[in-house]
Chemist: 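Got a structure for you, written out below as structure tokens; questions coming shortly.
Predicted, not measured: the structure shown is a model, and the values here were computed from it.
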Amino acid sequence: MLLSQPYFQQCATAYIPAFSISCPHSFYVSVSKRSFISCCSSQLQTAVVNGTLDSKIAERDEIRLGLPSKGRMAADTLDLLKDCQLSVKQVNPRQYVAQIPQLSNVEVWFQRPKDIVRKLLSGDLDLGIVGLDTVSEYGQGNEDLIIVHDALDYGDCRLSLAIPKYGIFENIDSLRKLAEMPQWNIEKPLRVSTGFTYLGPKFMKENGLRHVTFSTADGALEAAPAMGIADAILDLVSSGTTLTENNLKEIEGGVVLESQAVLVASRKALIQRKGALDTTHEILERFEAHLRALGQFTVTANMRGSSAEEVAERVLSQPSLAGLQGPTVCPVFCKCDGKVAADYYAIVICVAKKALYKSVQQLRAIGGSGVLISPLTYIFDEETPRWRELLSKLSM
Ligand SMILES: Nc1ncnc2c1ncn2[C@@H]1O[C@H](COP(=O)(O)OP(=O)(O)OP(=O)(O)O)[C@@H](O)[C@H]1O
Ligand SMILES: O=P(O)(O)OC[C@H]1O[C@H](OP(=O)(O)OP(=O)(O)O)[C@H](O)[C@@H]1O
Ligand SMILES: [Mg+2]
């Protein structure tokens with residue numbers, strides 16, 4: 001069955017093995033880095049598109065992916081792609097177009113995060129990686145934007161309302177108390193300084209704060225209350241240090257949005273642009289496989305036992321040893337007195353990094369020895385749940 005697939009044949013003959021693939025409990029093979037995705041990605045079915053789109057997209061052959069050109073998301077985005085074997089080849093940091101050799105139909109464009117969202121909407125980009133805060137603020141709920149992967153595991157922050165710790169705000173610790181302060185009325189509304197001029201007013205309205213005005217600023221918002229320019233600020237917070245250093249505090253109910261890096265796509269492009277959906281599928285699978293593996297280790301150990309079933313039962317009696325889909329148990333054969341027999345069993349399981357030490361203790365308790373632990377590079381599921389979700393969002 002394996003050798004009927006071209007990539008497995010190649011790795012058996014010409015390629016230098018770079019990865020070993022283990023599919024739950026059945027076989028191990030090695031494949032070159034270049035072809036590993038193809039082994040796991042099933043052929044996309046030709047999907048039937050329900051509904052029509054109001055306008056045609058611009059004609060071009062390549063799929064355009066927007067990546068942050070600067071700021072704190074830029075380096076982490078390139079790192080994620082590299083970890084997924086999708087390294088971006090950029091000749092010069094000032095050159096705004098680049099290639100991903102593994103995805104020959106993709107053209108990378110480096111843009112400011114907010115421009116990535118704007119260009120997805122205008123049809124000048126098809127895919128992008130930015131913070132959810134940026135998608136929400138500049139996308140303004142536009143239905144053409146689809147979040148393909150909502151948790152890329154970096155760029156974590158929250159969009160949060162903050163007020164001074166002192167003066168009239170000293171005893172205010174919730175949005176409700178802030179709203180009920182007698183100080184705010186039509187003539188003298190609560191003044192909020194923010195760069196989020198779409199999400200800010202929307203949040204206040206949804207939370208019943210009627211007497212509010214907004215002023216905009218691009219940076220160093222935390223100075224506004226002390227300067228007398230604003231009563232409160234609405235800005236991104238990650239460590240909270242900037243708020244603390246400026247005598248400001250967050251309040252209960254004041255978080256507008258929890259954000260991290262996301263993969264976002266133009267619905268129109270996914271449906272209409274040739275190759276866009278296949279490319280998105282490949283990127284999504286690689287991201288999912290890498291991110292799932294980040295939290296796991298492979299653990300192998302030796303164990304004596306009367307049969308594979310008996311060893312499996314012992315392993316499964318321990319709460320931290322169930323693995324992804326149960327343990328792989330393989331007999332290790334030796335020749336004794338001229339007879340070949342299973343001397344002991346090798347077990348292979350995946351273990352959550354958090355539960356690693358507990359797992360080792362449990363393995364030892366049931367007779368495991370020679371415990372080897374190695375990092376996992378990728379975990380490919382049969383089909384990623386996010387792919388199903390995407391197809392359903394596209395009515396496919
Ligand atoms: N502490 C943080 N402050 C701001 N953004 C953060 C923080 N932590 C994570 N991020 C994420 O990084 C993204 C980019 O922020 P960054 O400030 O680097 O770029 P930018 O806001 O586009 O540039 P500029 O601040 O010059 O306008 C944010 O949209 C957010 O998703
Ligand atoms: O909770 P913290 O870890 O302290 O981070 C929050 C700060 O980081 C961001 O500013 P940035 O560094 O992007 O500077 P800017 O104000 O010029 O955008 C954000 O606008 C906050 O000011
Ligand atoms: Mg910033």
Side-chain angles (χ1 to χ4, degrees), residues 68-77 110-118 129-140 154-262:
S69 54
K70 67 174 190 73
R72 64 190 87 218
M73 302 277 290
D76 286 347
T77 302
F110 289 101
Q111 294 285 294
R112 290 167 60 176
K114 55 185 142 194
D115 288 332
I116 291 177
V117 179
R118 289 176 180 142
I129 298 179
V130 286
L132 181 63
D133 57 298
T134 312
V135 180
S136 310
E137 173 64 23
Y138 296 94
Q140 305 198 347
Y154 64 95
D156 292 43
C157 58
R158 56 192 178 274
L159 179 61
S160 190
L161 192 69
I163 54 175
K165 289 178 179 166
Y166 48 85
I168 56 168
F169 298 102
E170 199 174 344
N171 297 315
I172 304 297
D173 57 6
S174 70
L175 189 63
R176 187 181 53 78
K177 286 186 190 163
L178 180 67
E180 286 169 359
M181 285 173 76
Q183 279 84 353
W184 322 127
N185 53 49
I186 290 192
E187 283 80 41
K188 196 177 172 302
L190 174 77
R191 297 165 304 153
V192 181
S193 182
T194 187
F196 291 82
T197 55
Y198 169 75
L199 291 175
K202 185 168 172 282
F203 177 77
M204 291 303 197
K205 199 170 161 214
E206 284 167 3
N207 283 278
L209 276 92
R210 287 184 303 130
H211 305 304
V212 188
T213 54
F214 288 87
S215 59
T216 61
D218 278 339
L221 292 180
E222 290 82 354
M227 291 175 80
I229 300 167
D231 303 304
I233 65 161
L234 180 66
D235 197 9
L236 297 174
V237 180
S238 44
S239 67
T241 309
T242 317
L243 289 183
T244 308
E245 292 303 319
N246 288 282
N247 254 318
L248 299 172
K249 62 182 177 191
E250 294 180 88
I251 50 175
E252 193 201 318
V255 175
V256 177
L257 181 89
E258 296 280 355
S259 179
Q260 60 178 294
V262 300

Chemist: Do NZ/NE/NH1/NH2 and the carboxylate oxygens of R72 and D76 come within less than 4.0 Å?
Modeler: no
Chemist: Decide yes or no on side chain to side chain contact (heavy atoms under 4.5 Å, CB included) for Y138 and D115, but give the supporting numbers first.
Modeler: CA-CA 9 Å; Y138 296 94; D115 288 332; over 6 Å; no
Chemist: Within a strict 4.5 Å, meaning less than it, do heavy atoms of the D231 and Q183 side chains meet?
Modeler: no
Chemist: Tell me, with the steps shown, if I229 and R191 meet side chain to side chain contact (heavy atoms under 4.5 Å, CB included).
Modeler: CA-CA 8 Å; I229 300 167; R191 297 165 304 153; 5.7 Å; no
Chemist: What pairs meet the side chain to side chain donor-acceptor pair (under 3.5 Å) rule with one or both residues in residues 193-204, with sequence neighbours excluded?
Modeler: K202-E206
Chemist: What's the shortest heavy-atom distance between G139 and V117, and which atoms?
Modeler: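 The answer is N-CG1, 3.6 Å.
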Chemist: Please report the closest heavy-atom contact between L248 and P225, naming both atoms and the distance.
Modeler: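 Heavy atoms of L248 and P225 come nearest at CD2-CG, 3.8 Å.
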Chemist: Answer yes or no: is there a side-chain heavy-atom contact under 4.5 Å between T242 and V237?
Modeler: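 They are not in contact (no side-chain heavy atoms under 4.5 Å apart), so the answer is no.
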Chemist: Are side-chain N/O atoms of E250 and S160 paired as donor and acceptor at under 3.5 Å?
Modeler: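 Yes - a donor-acceptor pair under 3.5 Å links their side chains.
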Chemist: Return the CD to OG distance between Q260 and S238, rounded to the nearest 0.5 Å.
Modeler: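 Here the interatomic distance stands at 13.0 Å.
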Chemist: Of all heavy-atom pairs between A162 and L243, which one has the smallest distance, and what is that distance?
Modeler: CB-CD2, 3.7 Å
Chemist: Using the test salt bridge (charged side-chain N to carboxylate O under 4.0 Å, His left out), find all partners of K188 that sit at least two apart in sequence or belong to another chain.
Modeler: none
Chemist: Assess the residue pair T244 and K165 against the criterion (side chain to side chain contact (heavy atoms under 4.5 Å, CB included)); give the C-alpha distance rounded to whole Å, side-chain angles, the decisive distance to 0.1 Å, and a yes or no.
Modeler: CA-CA 9 Å; T244 308; K165 289 178 179 166; 4.1 Å; yes
Chemist: If you count heavy atoms of other groups shown closer than 6.0 angstrom to CD of E252, is the number above 12?
Modeler: no
Chemist: Can you tell me how far apart CD (Q111) and CD1 (I116) are? Round to the nearest 0.5 Å.
Modeler: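 Going from the CD atom of Q111 to the CD1 atom of I116 covers 6.5 Å.
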Chemist: Walk me through whether F110 and K70 qualify under side chain to side chain contact (heavy atoms under 4.5 Å, CB included).
Modeler: CA-CA 8 Å; F110 289 101; K70 67 174 190 73; over 6 Å; no
Chemist: Going from CG on N246 to OG1 on T241, what distance comes out if it is rounded to the nearest 0.5 angstrom?
Modeler: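 OG1 of T241 is found 10.5 Å from CG of N246.
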Chemist: Taking L161 as the fixed residue, which of L178, V256, N207 is the one that meets the side chain to side chain contact (heavy atoms under 4.5 Å, CB included) rule?
Modeler: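 It is L178; the other options fail the test.
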Chemist: What pair of heavy atoms forms the shortest contact from A224 to I233, and how long is it?
Modeler: CB-CG2, 4.4 Å
Chemist: Judged by atom type as modelled, is there a donor-acceptor pair below 3.5 Å linking the side chain of S259 to the main-chain atoms of L132?
Modeler: yes
Chemist: Give a yes or no on whether the backbone of R210 and the side-chain of W184 come within a donor-acceptor separation of less than 3.5 Å.
Modeler: no
Chemist: Nearest 0.5 angstrom please: R118 CZ to R112 CZ, how far?
Modeler: 7.5 Å
Chemist: Can you check whether F169's main-chain N or O pairs, donor with acceptor, with K177's side chain at less than 3.5 Å?
Modeler: no
Chemist: Do V192 and F203 have side chains that get closer than 4.5 Å, going by heavy atoms?
Modeler: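 Side-chain contact under 4.5 Å: no.
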Chemist: What is the minimum heavy-atom distance between E170 and K249, and which atoms define it?
Modeler: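 What the structure gives for the nearest pair is O-NZ, 3.2 Å.
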Chemist: How far does OG1 of T213 sit from CD1 of I186, to the nearest 0.5 angstrom?
Modeler: 12.5 Å
Chemist: Which atom pair, heavy atoms only, marks the closest approach of A74 to S69?
Modeler: CB-C, 4.2 Å
Chemist: Just how far is it from atom SG of C157 to atom CG of L236, taken to the nearest 0.5 Å?
Modeler: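 CG of L236 is found 4.5 Å from SG of C157.
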